[in-house]
Amino acid sequence: MHHGGGGGAIRVLNVAEKPSVAKSVAEILSRPSGGMRSREGRSRYNRVFEFDYSIGGRACHMLVTSVTGHLMELEFDDRFRRWHSCDPADLFHAPVRKSVPQDKQDIKRTLEEEARKCQWLVLWLDCDREGENIAYEVIDICAGANSRLNIWRARFSALIDREIHEAVQHLDRPNKLFADAVDARQEIDLRIGASFTRFQTMLLKDAFVLDDTGDDRNIILSYGPCQFPTLGFIVERFWEIQAHEPEEFWTINCSHTSDEGTASFGWIRGHLFDYSSAVVIYEMCVEEPMATVQNVRNQEKLKYPPYPLSTIELQKRASRYFRMSSEHTMKVAEELYQAGFISYPRTETDNFSPNTDLHSIVHEQVAHPNWGTYAQRLLDPEARLWRNPSNGGHDDKAHPPIHPTKFSAGETNWTDNHKKLYELVVRHFLACCSQPAVGAETTVEIDIAGEQFNASGRVVLAKNYLDVYRFDSWGGTLLPTYIIGQQAGIGTDATMHDHIKKLLDRCYATKDANTRFSPTNLGEALVMGYDEMGYELWKPYLRSMMEADMKSVSIGTKSKSEVLENCLQQMKACFLDARANKVKLFDAMGTFFARSSRPVNETQNSIETVRPCAACNESEMFLKQRPTGEFMVGCRGFPQCRNVVWLPRSLSGAAVTDQVCPTCAPGPVYKIQFKFRRRDIPPNFDVDHLGCIGGCDDILKELMELSRFGSHSQTATPARNQSQTASGVRQGSSRQDLHTSFHPAVQFTNGQTPVVNPQGFRSTHTQSSGNASGQVQCTSCREPCVLRTANTEANRGRKFYKCQNLACGFFAWEDDVENSAPRGRGGRGRGGRSSSRQSSASASAGRRGGTQGRGRRGRGRNADGMMFVAATGEPVYGSCFICGDPTHFANVCPNLGR
């Protein structure tokens, strides 16, 4: 490394991955000169340490601080982050961004402030691909504040003096390829995980009763590219056990007792499934019990010590020896590493570099009261116990195998698990450097009535590594002495095998007291559903291919963009096919769970795309059924875009097809299969109709004119950012309406001209006079209405009459009653409201810039002098949940607090 330059002391900003690592690095580097100072940064958890040091003969003023793991998060743009904001398939190509989250802004400010005052940046992140990715996150922040920084990388594997000093004196450059590999993996995991998780959860959560308590509305049926194959291992093994057909079998065992002990002989046949045959052979042996020794074999056997310790092996052995979970094992190992007692615990490497001073590591353990004597023997050339560790064949090029880095006879703040794990690491390392155990194995073969039996015994001649590695055993049975031709009487007995039991619980998998895993119904159902589709998403092959691609990126044989494109293209095709075959997921879930009684719209979370949105030109319009039963086609960009087409209430069902309308634009516009209720449409129309909402379908328009409308205006509510003229009329038309109008059936009695809304409510007032009592009566309930004041944007301060019955939807503006032309209003309680129509044209207005103006501007008069408007002069979305009134919401309800 050539640092170059002259002049005064160089200000060096050092950034570690964790506060504890920053503190350890600062303490080690400042020890020779002393005078380390500490101060708070912007984040009170990430302090800044200052001291003087010399790098390559250059005087440096060192500032050491830290991040806390990843500084940035990869996430979708805001409009794709809400679950119902887009089709899950869109997540495979939706824009993503990497940014610093709010809870780490203080760390970012510390880095920026310190970087502006420094000439060098030295990165002390963990020396693996993940650490390299974090390093480039730090570089982005610091270089953004000071583009003149000279950027270096410190590479180390243990927080001990010799490693840290060597690392800072031999600085390297960061590896962008490693960071790119992690970027690719993060993006692939985000896109695949989010798309499949949303798909599974929205499809299945509300469709089935997943929790007997009924509190399962917040369950997330997650999918992860690593998580799901792990579940697959558990389910596949479970299926193998389930598929096993237990059968009774019989075996013959015999034993021989002499002055030297007892030898147990096993049957060469193993076992028989035929009872009669086994009994015949057994009786032959009983009738002629004399055994003849036919062969005696003696040979030397070696039991080799384990390979150097990798992360996976550490987790497996901690689980096997101490019953520690993988998560807890790594937590304890990280704490031991940060305290300087063991090397970096996340490594795939299982062979030591020839440059590693293994003898020095062993020498540090000589003083230990338990294994110190063995360490001393290991270093003694006359003991001939030393053997260089075997090569396990794996090297991640980042860290050595896990080994002890500092002596300890046990710290006061250690738990039992800290002591156990440190002991495992030390004993494992000492065993790696030892000779294998040597044993003598004897095999004796005998003949009884023509049937062959054998027995094996072992004597350990030299324990070697087994003396220190107490976790391994190499037990054996000491056989009596036999010679060929020797005869003896034998005793026999018959045995039978037992059946296998299973355990199930209610998550993806459960673990019993013996750390055996079993899938739950939910876990098995998900794997079964994907397996039925023909996709092996639950197999490890897909993930292993991804990891191979990540390695290719890290060594430069593949580019990040190439890997992303190929992987996401493959997984999107898989996702689309899985969605097309979602019935198989339903069938698999139905095998284990009862169907839910929730409404269909919640169950299916209708997400079928109909057409691009012409209002915002960014999102798509999709078909959805509301809890009230009404169908609508709305923009996924809601609430930024409020474009919507309300379909008639006479529909009993609707589903998007794959047929595209050849006429309507912008396209593609997918046709919808409508199903109308027979009672709500004329007899000469078919209840089933394949139609287009783009405006070209005359049959659909006529059915909509004749049908009883839903709760909202048929015209689309425009996007927020569309302009209006001074009179309130929107310029340009992005509405997705069908230009329909509605003619309600009106009857005239006793010279009165009642006004009837689409739901059949009437006002008792005539056009010329009001009620004698001066009150408005509800035509359905026959009760006096109450007078209230509207608080909507378009009608704030305007008074209206409303029925006192919350389940009734009668409504009339006060000024309309005074003008002898009250507008009736029908409804269905809180959830539904219907809007009257002019006989010639729609007179509704959008809440955010309506198509016909606001408030009273949109009203028109037909030939009979009757007026039809939306009840509030605009479409109203939702209503007050306190009183049910559609003209205000609960936060301004006059009944609030009553």
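Bear in mind the structure is a predicted one, so any value in this text is a computation, not a measurement.
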Undergrad: Taking NZ in Lys572 as the centre, count heavy atoms belonging to other residues, nucleotides or ligands within less than 6.0 Å. Is the count above 12?
TA: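 Enclosed: over 12 neighbouring heavy atoms sit under 6.0 Å from NZ of Lys572.
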Undergrad: Kindly indicate whether the side chain of Ile220, heavy atoms from C-beta on, has any atom under 4.5 Å from the side chain of Thr197.
TA: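 A side-chain contact under 4.5 Å exists here.
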Undergrad: Report yes if some heavy atom in the side chain of Glu137 is under 4.5 Å from a heavy atom in the side chain of His70; otherwise report no.
TA: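 Yes - at least one pair of side-chain heavy atoms lies under 4.5 Å apart.
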Undergrad: Hey, what do you get for CG (Leu74) to CD (Glu187), rounding to the nearest 0.5 Å?
TA: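 So the gap between those two atoms works out to 6.0 Å.
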Undergrad: Under a 3.5 Å distance rule, please check whether Arg678 uses its side chain to pair with a backbone N or O of Asp686 as donor and acceptor.
TA: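 A pair under 3.5 Å: no.
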Undergrad: What closest approach, in Å, do Lys104 and Leu71 show between heavy atoms, and which atom pair accounts for it?
TA: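 That would be CD-O, 4.0 Å.
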Undergrad: Given side chains that start at C-beta, do those of Glu630 and Leu647 come closer than 4.5 Å, heavy atoms only?
TA: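 They are not in side-chain contact.
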Undergrad: For Lys701 and Ile693, indicate whether the former's side chain and the latter's backbone hold a donor-acceptor pair under 3.5 Å.
TA: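 Absent.
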Undergrad: Quick check: do Tyr530 and Phe228 have side-chain heavy atoms less than 4.5 Å from each other?
TA: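 Yes; the side chains approach each other to less than 4.5 Å.
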Undergrad: Answer yes or no: does atom CG of Leu690 have more than 12 heavy-atom neighbours from other residues, nucleotides or ligands under 6.0 Å?
TA: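 Buried by this count: over 12 neighbours within 6.0 Å.
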Undergrad: How would you list, by chain and number, every residue that makes a salt bridge (charged side-chain N to carboxylate O under 4.0 Å, His left out) with Lys560, sequence neighbours excluded?
TA: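 Result, salt bridge (charged side-chain N to carboxylate O under 4.0 Å, His left out) vs Lys560: Asp183.
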Undergrad: Are Val633 and Ile672 side-chain neighbours, meaning at least one heavy-atom pair lies under 4.5 Å?
TA: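 Yes, close enough: below the 4.5 Å cut-off.
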Undergrad: Mind checking what makes salt bridge (charged side-chain N to carboxylate O under 4.0 Å, His left out) contact with Arg677, not counting sequence neighbours?
TA: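 Result, salt bridge (charged side-chain N to carboxylate O under 4.0 Å, His left out) vs Arg677: Asp680.
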Undergrad: May I ask you to check whether over 12 heavy atoms, not counting those of Glu565, lie within 6.0 Å of atom CD?
TA: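 Open: at most 12 neighbouring heavy atoms sit under 6.0 Å from CD of Glu565.
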Undergrad: Once salt bridge (charged side-chain N to carboxylate O under 4.0 Å, His left out) is applied, do any residues pair with Glu75, and if so which ones, sequence neighbours excluded?
TA: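 Counting only residues at least two positions away or on another chain, Glu75 forms a salt bridge (charged side-chain N to carboxylate O under 4.0 Å, His left out) with Arg81, Arg97.
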Undergrad: So which heavy atom on Cys613 is nearest to which on Cys635, and how close?
TA: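 Between these two residues, the closest heavy atoms are SG-SG, 3.7 Å.
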Undergrad: Is any side-chain heavy atom of Met571 closer than 4.5 Å to one of Ile188?
TA: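 No, too far: nothing below the 4.5 Å cut-off.
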Undergrad: Take Arg579 and Phe199 through the test side-chain contact (heavy atoms from CB on, under 4.5 Å) and record every step on the way to the result.
TA: CA-CA 8 Å; Arg579 187 166 67 181; Phe199 164 65; 3.7 Å; yes
Undergrad: Nearest 0.5 Å, please: how far is CE in Met546 from CG in Asp189?
TA: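 Rounded to the nearest 0.5 Å, the CG-CE separation comes to 7.0 Å.
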Undergrad: Under 4.5 Å between any side-chain heavy atoms of Arg185 and Val563, yes or no?
TA: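 Side-chain contact under 4.5 Å: no.
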Undergrad: Under the 3.5 angstrom rule, does the side chain of Asp87 hit a backbone N or O of Ala89 as a donor-acceptor pair?
TA: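 Checking the backbone N and O of Ala89 against the side chain of Asp87, a donor-acceptor pair under 3.5 Å is found.
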Undergrad: To the nearest 0.5 angstrom, please state how far the CG atom of Leu526 sits from the OH atom of Tyr223.
TA: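 The distance works out to 11.0 Å.
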Undergrad: Is Lys584 salt-bridged to Asp587, going by a charged N under 4.0 Å from an acidic O?
TA: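 Answer for the salt bridge query: no.
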Undergrad: Side chain to side chain donor-acceptor pair (under 3.5 Å) with His689: which residues, sequence neighbours excluded?
TA: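 Result, side chain to side chain donor-acceptor pair (under 3.5 Å) vs His689: Asp697.
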Undergrad: Could you tell me which non-hydrogen atom of Leu91 sits nearest to which non-hydrogen atom of Cys86, and how far apart they are?
TA: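 Heavy-atom minimum between the residues: CD2-SG, 3.7 Å.
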Undergrad: What pairs with Gln186 under side chain to side chain donor-acceptor pair (under 3.5 Å), at least two apart in sequence or on another chain?
TA: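 By the side chain to side chain donor-acceptor pair (under 3.5 Å) rule, Gln186 matches no residue at all.
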Undergrad: Show your working on side-chain contact (heavy atoms from CB on, under 4.5 Å) between Leu522 and Leu221 and close with a plain yes or no.
TA: CA-CA 9 Å; Leu522 180 57; Leu221 304 183; 3.7 Å; yes
Undergrad: Between Asp90 and Arg191, does any NZ, NE, NH1 or NH2 come within less than 4.0 Å of an OD or OE carboxylate oxygen?
TA: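 Salt bridge: no.
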Undergrad: When you measure from the side chain of Ser652 to the backbone N and O of Lys675, does any donor-acceptor pair fall under 3.5 Å?
TA: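 Confirmed, Ser652 side chain pairs with Lys675 backbone.
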Undergrad: Return the set of residues passing ring pair (Phe, Tyr, Trp, His ring centres under 6.0 Å) with Phe92 (not counting sequence neighbours), or none when no residue passes.
TA: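 Checked Phe92 against ring pair (Phe, Tyr, Trp, His ring centres under 6.0 Å); matches are Phe575.
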Undergrad: How about CZ on Phe76, more than 12 heavy atoms from neighbouring residues, nucleotides or ligands closer than 6.0 Å, or not?
TA: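 Yes, because the 6.0 Å sphere around CZ of Phe76 holds more than 12 heavy atoms from other groups.
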Undergrad: Check Phe80 against Arg198 and note the closest heavy-atom contact, atom names and distance.
TA: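 Phe80 and Arg198 have their closest heavy atoms at O-NH2, 2.9 Å.
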Undergrad: So do the side chains of Gln200 and Ser222 get within less than 4.5 Å of each other, counting heavy atoms only?
TA: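 Heavy-atom side-chain distance check fails, nothing below 4.5 Å.
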Undergrad: Do you know which two heavy atoms are closest between Val660 and Pro668, and how far apart they sit?
TA: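 Heavy atoms of Val660 and Pro668 come nearest at CG1-CB, 3.8 Å.
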Undergrad: How far apart are the closest heavy atoms of Ala654 and Phe631, and which atoms are they?
TA: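 Looking at all heavy atoms of both residues, the shortest contact is N-CZ, 3.6 Å.
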Undergrad: Would the distance check show the side chain of Gln659 and the main-chain N or O of Lys671 forming a donor-acceptor pair, the cut-off being under 3.5 Å?
TA: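 No; zero donor-acceptor contacts below 3.5 Å.
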Undergrad: Roughly how far apart are Gln673 CD and Leu623 CG, rounded to 0.5 Å?
TA: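 Separation between the atoms: 12.0 Å.
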Undergrad: Apply side-chain contact (heavy atoms from CB on, under 4.5 Å) to Asp140 and Lys98, showing your working.
TA: CA-CA 11 Å; Asp140 285 346; Lys98 202 170 185 180; over 6 Å; no
Undergrad: Any sub-3.5 Å donor-acceptor pair from Arg611's side-chain atoms to Cys664's backbone N or O?
TA: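 Looks like no, no N/O pair under 3.5 Å.
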Undergrad: What orientation do Phe674 and Phe676 show, parallel under 30°, tilted 30 to 60°, or perpendicular over 60°?
TA: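 If you compare the ring of Phe674 with that of Phe676, the planes turn out tilted.
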Undergrad: Looking at Ser195 and Ile192, would you say the former's side chain and the latter's main chain have a donor-acceptor pair under 3.5 Å?
TA: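 Here the side-chain-to-backbone pair exists.
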Undergrad: Under the side-chain contact (heavy atoms from CB on, under 4.5 Å) criterion, do Val669 and Cys692 qualify, and how do the steps go?
TA: CA-CA 8 Å; Val669 180; Cys692 172; 3.8 Å; yes
Undergrad: Measure the CE-SG distance between Met621 and Cys616 for me, rounded to the nearest 0.5 Å.
TA: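 Separation between the atoms: 8.5 Å.
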Undergrad: In Å and rounded to the nearest 0.5 Å, what is the CG to CE distance from Leu204 to Met589?
TA: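 Taking CG in Leu204 and CE in Met589, the distance rounds to 5.0 Å.
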